[in-house]
Amino acid sequence: MASLSPSSTLAQLVARSRKLGADRSVCNWGGGNTSAKSDEIDFRGRTARILWVKGSGSDLATCTEASFTGLFLDDLLPLLEREHMSDSEMVDYLAHCFYEPGRPRPSIETLLHGFLPFAFIDHTHADATNFFACATDGEKLARACFGDELIWIPYRRPGFGLAREVALAVRARPDAKLVILAKHGLITWGETDESCYASTLATVTRAQKFVEECIAQADKTIFGGPRVPTLPAEERANLAAQVAPVLRGLVSAEKRQILRFEQSEDVLTFASSRDASRLTQIGAACPDHLVHTKPWPLLVDWTPDQNSEALTTALRTGIATYVEKYHRYLEEQVQQNLDPDAASPIYRASDAQSDPHPRVILIPGVGMFTTGKDATMADVSAQLYHRAIAVMGGAEACGGFISLSDAESYAVEYWPLEQYKLKLAPPEREFARHVVLVTGAAGGIGSATCRRVAQDGAHIVATDIDLAGAEQLAAHLNTQFGAGRAIAIKMDVTSEQSVQAAFQQATLAFGGIDVIVNNAGLASSASITETSLAEWNKNWNVLATGYFLVAREGFRVLTTQGRGGNLVFIASKNALVAGKNAAAYSTAKAAEAHLARCLAEEGGQFGIRVNTVNPDAVLTGSRIWDSSWRTARAATYGVAPDELEAVYRKRTTLGVNILPDDIAEAVAFFASPTRALKSTGNILNVDGGVAAAYPR
Ligand SMILES: [Zn+2]
C-alpha cells in the first residue's frame, strides 16, 4: 500500500501513538487520535505538505503505519474559510484529499488536526483532564490548574464545527498550550514528535496532581462511602454464576449477547457506594464511550443481605425498567430533532435503532457484568466503564460530575457516521453470539468440532478430563480467532460435582451457553466372557451416566436462560447395530442415543433441540484409533493391528476414512441456529457409506 515510502515521520507517529495507547488512563480503547505533518514526495514527484492522521476504527495501542491516512494539507486548509459543512460533505471532501489511495477513512476528528498550525498533535480523552471536562465547575478549576495556557471549548459534537471553533480559538490565542473540550477530551501539541508527547504527559500529570489535591482537601470519602458491604470473593462469584444465565437471557431479547463478569476494586467500590444511584443516572463521561456503554448503566436494585432469588427478580425488573427508559429517551429525542446533522432518518426508516438493553450492569456488593456481541466487545465495554468510574470519581472531587445531556447523547449515539460504521461491519457468522460447550474437547472429534464452530464465530468452552489438552486447544483457538474466544475447563463427566462446577465456570466466563456437544468418550473392546464388571461400569459411567449429568446441567442453564438451545450427542453406529466383542460399549451407546431422544421430547417445550451424530470408525486424528482399542478390534477381525484400517476400507467403495472434520460438520449442522432449526430427535450416521446393518 505504502508505495510512496513516506518519511520517518509516519514511523515516529506510530511509535508515539502506541506509547499513548499503552496507558488506558490517557487513551481509552478506540478513542483519541494523533497526527503529524511532514513534507513528502507525491505521485507527480513534487514535494507536498501531508497531514498524517489516524484512520477511523483503529486503536492507538495497537496501531500500525497502515492505520494512518495521509491527506494533502493544501486541500484541507481552504475549508477553514467555510462556516458550515455537514458530516457527509466533509467525508466526501476528505476522500478527494488522499495522498495515497487505499488508506483507511480518516478520523472524524481529522480537521481538528488539519486546521491547527502545529506539526505534531495529540487528541486524547485522558481521565485526568476529563475530571475537569466533566465537572460542574470544570472550566474554573481547569483555569486554576493551567492558567493562561488553557483554551476551554464548551461541548459540541465532533465534526467540522468543532474543528473550526478550536482552530479559531487557537489562532486568537497563539500563546496557549492546550485545549480542553468540555465533556469530551484534550488537545496538546508540539513542534517535534518528542515535545508533543512530553506536553501530553506533562498536562495529564499536572491535572492529576491538581485533582488529587482537590480530593485531599475535599475531605470526602470516595462516592460518598459504602452504602452496602461487599461480599467475600467466593460468594460474589457464586452469585454471579447463578444469575448470569438469567441476565443473559434478559439482555438477549433482541440479539444474543456475550457477558463478561468482573469484580475489581474500583467497580465494587462504585457499585456499592452511596452516590452510585445518583451518578449512574447522569450519563456517559465522554461521547466516545456511548456506543459501548450506552448513556447509562443499570444499577441493580438489590442489596447483599438479600438472597439470589431476590437478585433474579431485581434483574428482571431492572432490565424491563431500563428498556422502557431507553425507548422513552429515543422517542423524546426523535421528536425534538435537535441536531440537523444527527436527525435520524436512518433510525426512523430502518432497524438502525440500537439494542435497548444495558451494556453495563452493576450489582452492589457483587460486581459488574458487561455485554457485547463477542468477548472482545464485552471487554471493551468493561474497559470504558473503568474509565467512566475514574472520571466520575475525579469530577465529583472537583465539585460534581456532569455529562452529556440526553440530546447530546442521542446526537452521538445516532450520528449518521456512527451508523454508517455499523452498516460497514461484515455480516455476522453463523455461530456468532453463541457459546458452545464441548466435552472431551481435547480428543479428535471434540477439537475438530470446536475448530469448526469457532471458525464460524462461536465462543468455545473446551472441557476435558485432560485439562492440558483442552488448554492447548483453547490457546490455539484464541490465537486464531481472537483473544477471549475460548476457555478450557477440567471436567470429569462421571462426577456430578465436577460437571456442576464446570458449568458454573462456563456461565461465569460467557454468561451462559447455547450449544452443548456431549462428546466425551472411551473405547472398549472385549468378548462378553472377557468383560470385567469394572469395564462394564466404566462404559456405562462415561457414556450413559456422564451424558445424563452433562445434559441435565445443560438443560438447567438453557431453561434458566430461556432462549432455547441445542444439544448434540456423539453416539456411535454401535448404538443402533450390534458390535461384536463390544457389548459394554454398544449397550451404553444405545442408552446414550435413547437418552438423546427422550430429551428431544422433553426439550421441545423450551425450544431445546437434541440430536445425535453416529460416527463409524474415525480412523485418522482420533485418540481412540491410537489406543489399545485398535489392537483389540484387530484381534476381533483376526488381523494384525496395522491391517485393521484396510479391513475397514474394504467394506465400501466410498472408503470409510472418516475424519473428525466429517463428524464436526454433522455436529455443526445440528447445532446451527439456522440450518437445522426445525429438526430434533434425529440420528445422523456418518459412516462413509457403510450401512448400519453391516455386521460388525
Ligand atoms: Zn475525541
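Every number for a ligand or one of its atoms is a count from 1 in the order of the listing. Values reported hereafter were calculated over all heavy atoms of this structure, with side chains retained and with hydrogens, waters and symmetry mates removed. Note that this is a predicted model, so its numbers are computed, not measured.
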- Message: side chain to side chain contact (heavy atoms under 4.5 Å, CB included), that's the test. Do Glu83 and Arg164 meet it? Break it down for me.
- Response: CA-CA 8 Å; Glu83 283 189 8; Arg164 187 167 183 272; 3.7 Å; yes
- the Zn ion (ligand 1) - number of protein N/O/S atoms closer than 2.8 Å: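 There are 4 of them.
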- Determine yes or no for a side-chain-to-main-chain donor-acceptor pair under 3.5 angstrom, with Thr188 supplying the side chain and Leu178 the backbone.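 Not confirmed, Thr188 side chain does not pair with Leu178 backbone.
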- Query: Would you call Glu213 and Lys209 a salt bridge, taking side-chain N to carboxylate O under 4.0 Å as the test?
  - Reply: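 Answer for the salt bridge query: no.
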- Greater than 12 external heavy atoms within 6.0 Å of Arg171's CZ: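 No, not enclosed.
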Below 3.5 Å, can you tabulate the donor-acceptor pairs from side chains in residues 130-137 to any protein atom, sequence neighbours excluded?
| from | atom 1 | to | atom 2 | distance (Å) |
| --- | --- | --- | --- | --- |
| Asn130 | ND2 | His184 | O | 3.2 |
| Thr136 | OG1 | Gly399 | O | 3.4 |
| Thr136 | OG1 | Gly400 | O | 2.9 |

- Message: Are Tyr93 and Phe160 packed together at the side-chain level, in the sense that at least one heavy-atom pair is separated by less than 4.5 angstrom?
- Response: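 When only atoms from C-beta onward are counted, Phe160 and Tyr93 do not touch, as no gap falls below 4.5 Å.
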